[in-house]
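For this chain, numbers begin at 1 and follow the sequence in order. Basis for what follows: all heavy atoms, side chains included, without hydrogens, waters or symmetry-related copies.
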Amino acid sequence: MVRIRSPYFIALLAGFAASPAAGQVTLGVRAGASLSDLVVSGVGVNSQDGRRGFASGASLSLPVSGPFALRLEGSYVPKGATFTLVQLGDVGLRLDYVELSALARAGFQIGRSRGSLYLLAGPTLGWETNCEVTITVVLQPITQMGSCDGEELRTPTKNVDFAVSGGAGAQVAVTEGMGLSLEALYTRGLRSIYDGELDWTGHNRAISVRAGVVFRIG
């Protein structure tokens, strides 16, 4: 039988036991920068520029067991991209989503400091609140702009997007009941956003880096 006497291992176990998620209900408010694009298939793409924007959200973390918690979150996230299609021209999509996430959270204390690290993973459900498209045809100085659901442009999109999210973050306690956090979160759509009779598909993906304040409420 192997006996582990390392003080570092004991300190690590103590860190997990003392995780901020253990036995605490917390409310978090976060905001930061996001970068998104589309994974397109079924049509030739020469180049693509992602959409940069501002993402924000609020979360409620509920303790489950030890260092594990369930984080329920609502966020506003801008998505979309501008890409050049072969033999067609430039197509720009600006989509806005309100997303609801149920993320598993695993965290641990950094030694005896006020800081902690955590990992996040889980499903995300997004409701499209706005979609605008811009089309510039090759060799024509005409740019068409309008709603994705408009009859003229005919680029309808689905109102609901299913995705998975994962990320990591760090948190430091400022007072007994408040802390500051910094995290990065990646989201990948599971189904094509396009609707109707289009032969090509496009899946959302986005990464956001957000800073925020976390309050202990229980």
Report task. For the pair Ser192 (side chain) and Gly202 (backbone), establish whether a donor and an acceptor sit closer than 3.5 Å, ignoring hydrogens and angles. Result -> yes
Query - Distance (rounded to the nearest 0.5 Å) between Ser59 OG and Arg71 CZ - result: 4.5 Å
Requested in this report: Take Ile217 and Leu60 through the side-chain contact (heavy atoms from CB on, under 4.5 Å) test and state the conclusion after the steps.
Outcome: CA-CA 10 Å; Ile217 59 175; Leu60 181 68; 3.7 Å; yes
Query raised in the report: If you measure only the distance, is there a donor-acceptor pair under 3.5 Å linking the side chains of Ser41 and Thr201?
Result: yes
Query raised in the report: In terms of side-chain heavy atoms, does Ser34 have a donor or acceptor partner in Ser208 at a distance below 3.5 Å?
Result: no
Report task. Determine, for Arg105 against Glu73, whether the closest basic-nitrogen to carboxylate-oxygen distance falls under 4.0 angstrom. Result -> no
Requested in this report: State whether Arg205 and Asp37 are salt-bridged, where the test is any N-O pair (Lys NZ or Arg NE/NH1/NH2 against Asp/Glu carboxylate O) under 4.0 Å.
Outcome: yes
Query - Under 3.5 Å donor-acceptor, Thr175 side chain and Met178 backbone - result: yes
Requested in this report: Take Tyr97 and Asn204 through the test side chain to side chain donor-acceptor pair (under 3.5 Å) and record every step on the way to the result.
Outcome: CA-CA 11 Å; Tyr97 286 90; Asn204 280 316; 3.1 Å; yes
Query raised in the report: Would Thr84 and Asp90 count as having a side-chain donor-acceptor pair, cut-off 3.5 Å?
Result: yes
Query raised in the report: Does Gln24 reach the main-chain N or O of Pro63 with its side chain, forming a donor-acceptor pair under 3.5 Å?
Result: no
Report task. Give, for atom CG of Leu120 and atom CG of Leu185, the distance between the pair rounded to the nearest 0.5 Å. Result -> 6.5 Å
Report summary line: CZ (Phe108) and OH (Tyr118) are apart, to the nearest 0.5 Å, by 12.5 Å
**Report entry** Val133 and Val91: CA distance, side-chain angles, deciding distance, side-chain contact (heavy atoms from CB on, under 4.5 Å) verdict
**Finding:** CA-CA 7 Å; Val133 61; Val91 177; 4.2 Å; yes
Report summary line: dist Phe162:CZ -> His203:NE2 (nearest 0.5 Å) comes out at 12.5 Å
Query - Heavy atoms from other residues, nucleotides or ligands near CZ of Arg94 exceed 12 (cutoff 6.0 Å) - result: no
Requested in this report: Please answer whether the main-chain N or O of Tyr194 pairs with a side-chain N or O of Thr157 as donor and acceptor at a distance below 3.5 Å.
Outcome: no
Query - Between OG1 on residue Thr124 and CD on residue Glu99, distance to nearest 0.5 Å - result: 6.0 Å
Report task. Run the numbers on Trp127 and Val160 for side-chain contact (heavy atoms from CB on, under 4.5 Å), then give the verdict. Result -> CA-CA 5 Å; Trp127 280 270; Val160 178; 4.0 Å; yes
Query - Donor-acceptor pair, side chain of Arg51 and main chain of Lys79, under 3.5 angstrom - result: yes
Query - Side-chain heavy atoms of Val214 within contact of Leu180, under 4.5 Å - result: no
Report summary line: The side chain to side chain donor-acceptor pair (under 3.5 Å) partners of Ser56 (sequence neighbours excluded) come to none
Query raised in the report: Does the distance from a Lys or Arg side-chain N to an Asp or Glu carboxylate O, for Arg30 and Glu183, drop under 4.0 Å?
Result: yes
Query raised in the report: Sub-3.5 Å donor-acceptor pair from the side chain of Ser181 to the main-chain atoms of Ala170, do we have one?
Result: no
Query raised in the report: Can Ser101 and Ser165 be counted as having a side-chain donor-acceptor contact under 3.5 angstrom?
Result: no
